Amino acid sequence: MASPTPGSVSPARARAVAAIERASARFPDLLPIEIDEDGLDPRDAALAHAIGDGVARRWLTLEHLLSRGMRQPASRCEPLVRATLLCAAAQIVLLDRIPRHAAVHEAVEQAKPAGARAAGMVNAALRRLCELVPDDKARARRERYTGATDEIPLAAGGALALREACLPHDPMERMSIATSVPSNLLARWSECYGEVGARGLSLHALVHAPTIVNIGNGPPPEDASLWAAHEEPGFVVWTGPRSDLGSWVASHPHAWAQDPASARCVGLARELRPPTILDLCAGQGGKTRLLARAFPDARLIASDADTARLVHLRSAFRGRTGVEVRAPHELDALRGSVDLALLDVPCSNTGVLARRPEARYRWGRAQRRRLAEVQRSILERARELLAPSGSILYSTCSIEPEENERMVAWACDRLSMRVVRDALHLPRGLPGDPPARYTDASYAALLSPRA
């Protein structure tokens, strides 16, 4: 990795700041942080991703620590300055083996296009942050996060002890800042799951989720260096190079990347024998593969309203017997003939925040209204296509009642359905826990027409 020279900025940091600048212009309505890797060597690309991921996971934490040394909050700075501060703060607070003087120097250089005053403000804010964060973070690490006002929890477990107690005194506000979970979302979790449950969910969202492979009843990977056992039978944790996963999965049709929580929904329909199955929101096809495994004799149709996902589905299942991929406008021919419709609906992703860290900031009333409209529309469409005795398998990766139990209650009331069975699985795994314990969260409900 090239060292920056005076007046220059390292390629990794330049790409990270560019990505966060785009994100900060639309915060809190964030999309996944995308780093432009074009022309970067692998080490620079890895560092750029580490900086971008650190900001995405700890946006509120970093802005709180920065703002204590600023005349105006970091959130009010223009996007370039805000991104420059956040990326430097991620390096200083979260990453090891990066000289803090280099992080400060590069940040000042990147802020100069915004003017000398902005560059001076960046320099002052980051120097105050360096005074707050110990030089030797390893020695300042506490083995257990206690929730004190002078510590922030770490993704790998334990906590970083700061030189001053600068987090809020209110316990819930402090947890919001410490874990970078917005206060409105944390309050909802506390309402639904109690303060202890909300604390656990917030800490879970800090974990760097492992890559988990669904191998079903197939054999585990031949090379034991590529995997480790998971606590859930039929799953392994991929430990090999991420760059090798795609080719390995392509050569093992019985296996695909999938969290155990995502796979649980199909089990609710295990007693059915549906001749015709429709996966209406098939996405990347993970649940389509589950359906093909569980119901090998069924006619299976996969579709998705997103054009890019539909193209991926056609490629993934090309030449595979038993799975038809159809565009949404082609589904009218199925009206009244679908025996099982799987609806893995778009949702807030609050059950997968460890994998989708940016989703936590989007959660709010406007998003809930928009998603509810989409979810109801998908349920109505599935009901039109359903056979008289057909079933709907409704699924989300959310832990919010209005997307789960309340949406199912709406379907029962408005679409003349009844709940056969449902299940909510909260996430497992806290910072410091082994990857084999980790799972996302999920909800699923099997619905049948009322007699």
Side-chain angles (χ1 to χ4, degrees), residues 1-27 30-137 155 160 180 357-358:
M1 189 185 312
S3 298
T5 57
S8 71
V9 175
S10 67
R13 183 180 164 85
R15 300 295 175 86
V17 168
I20 298 303
E21 182 181 2
R22 292 190 297 271
S24 64
R26 57 179 298 147
F27 187 88
L30 287 188
L31 298 173
I33 305 297
E34 295 186 358
I35 303 292
D36 178 10
E37 297 184 11
D38 187 35
L40 292 182
D41 69 42
R43 291 178 299 172
D44 280 326
L47 176 57
H49 280 287
I51 296 172
D53 183 70
V55 173
R57 290 179 184 278
R58 309 304 289 264
W59 196 297
L60 301 183
T61 309
L62 297 175
E63 287 199 332
H64 177 84
L65 298 180
L66 284 164
S67 296
R68 59 179 289 280
M70 300 175 64
R71 291 184 179 178
Q72 67 172 2
S75 60
R76 294 184 183 175
C77 294
E78 62 177 279
L80 172 61
V81 175
R82 188 181 189 183
T84 298
L85 285 166
L86 284 167
C87 289
Q91 291 176 280
I92 293 167
V93 178
L94 303 174
L95 302 185
D96 297 323
R97 298 190 297 276
I98 295 184
R100 54 182 60 194
H101 70 271
V104 174
H105 166 78
E106 290 189 307
V108 172
E109 291 297 323
Q110 287 183 290
K112 284 181 177 179
R117 186 175 180 178
M121 181 269 292
V122 166
N123 181 60
L126 292 178
R127 291 190 181 280
R128 292 190 190 100
L129 181 63
C130 289
E131 293 171 359
L132 177 65
V133 179
D135 296 322
D136 188 343
K137 293 196 287 289
L160 174 65
S180 197
E358 76 289 340

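Note that these values count all heavy atoms, side chains included, but never hydrogens, waters or copies made by symmetry. Residue numbers run from 1 in the order of the sequence given. Quick caveat, the model's predicted, so the values are computed rather than measured.
The shortest non-hydrogen separation linking Ala16 to Ile51 is CB-CG2, 3.8 Å. When all heavy atoms of Asp53 and Pro357 are compared, the closest pair comes out as OD1-CG, 4.3 Å. Residue Cys87 comes nearest to Ile20 through the heavy atom pair SG-CG1, 3.7 Å, listed as atom of the first residue, atom of the second, then distance. Across every non-hydrogen atom of Ser180 and Trp59, the tightest pair is OG-N, 3.2 Å. Ile98 approaches Leu95 most closely through the heavy-atom pair CD1-CD1, 3.8 Å. Considering every non-hydrogen atom in both Val122 and Val108, the closest pair reads CG1-N, 4.2 Å.
Between the CD atom in Glu131 and the CG atom in Leu126 there is a gap of 11.5 Å [rounded to 0.5 Å]. With values rounded to the nearest 0.5 angstrom, Asp41 atom CG is found 5.5 Å from Arg43 atom CZ. Here the CG atom belonging to Leu86 is positioned 8.5 Å from the CZ atom belonging to Phe27, to the nearest 0.5 angstrom. Going from atom CZ of Arg127 over to atom CD1 of Ile92 covers 9.5 Å, rounded to the nearest 0.5 Å. Note that OG1 of Thr84 and CD of Gln110 are 5.0 Å apart. Values are rounded to the nearest 0.5 Å.
Inter-residue side-chain proximity for Cys77 and Met121 is flagged as met; some heavy-atom pair is nearer than 4.5 Å. Counting heavy atoms from C-beta on, the side chains of Glu106 and Ser10 come closer than 4.5 Å. Residues Arg15 and Asp44 form no side-chain contact, since every pair of their non-hydrogen atoms from C-beta on lies 4.5 Å or further apart. At least one side-chain heavy atom of Asp96 sits less than 4.5 Å from a side-chain heavy atom of Lys137. Side-chain atoms of Val133 and Leu160, non-hydrogen and from C-beta on, do get closer than 4.5 Å to each other. Under the 4.5 Å side-chain criterion, counting only non-hydrogen atoms from C-beta, Leu85 is not in contact with Arg82. Looking at heavy atoms from C-beta onward, Thr61 lies out of side-chain contact with Val93 at the 4.5 angstrom threshold. In this structure the side chain of Leu31 never reaches within 4.5 angstrom of the side chain of Glu358, judged on heavy atoms.
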Test side chain to side chain contact (heavy atoms under 4.5 Å, CB included) on Glu21 and Val81; report intermediate values, then the result.
CA-CA 8 Å; Glu21 182 181 2; Val81 175; over 6 Å; no

Derivation and outcome, side chain to side chain contact (heavy atoms under 4.5 Å, CB included), residues Val17 and Leu80:
CA-CA 8 Å; Val17 168; Leu80 172 61; 4.3 Å; yes

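With Ser67 contributing its side chain and His64 its backbone, the two residues share no donor-acceptor pair below 3.5 Å.
Here Lys112 pairs with Glu109 in a salt bridge; the nearest charged N to carboxylate O distance falls below 4.0 Å. Between Glu34 and Arg22, no side-chain nitrogen of the basic residue sits less than 4.0 Å from a carboxylate oxygen of the acidic one, so the salt-bridge criterion is not met.
When the salt bridge (Lys or Arg N to Asp or Glu O under 4.0 Å) test is applied to Arg68, the partners found at least two apart in sequence or on another chain are Glu164. Listed by chain and residue number, Arg100, Arg163 satisfy the salt bridge (Lys or Arg N to Asp or Glu O under 4.0 Å) test with Asp135 (two or more places apart in sequence, or in another chain).
Counting heavy atoms of neighbouring residues, nucleotides and ligands inside a 6.0 Å radius, atom CZ of Arg26 exceeds 12 of them.
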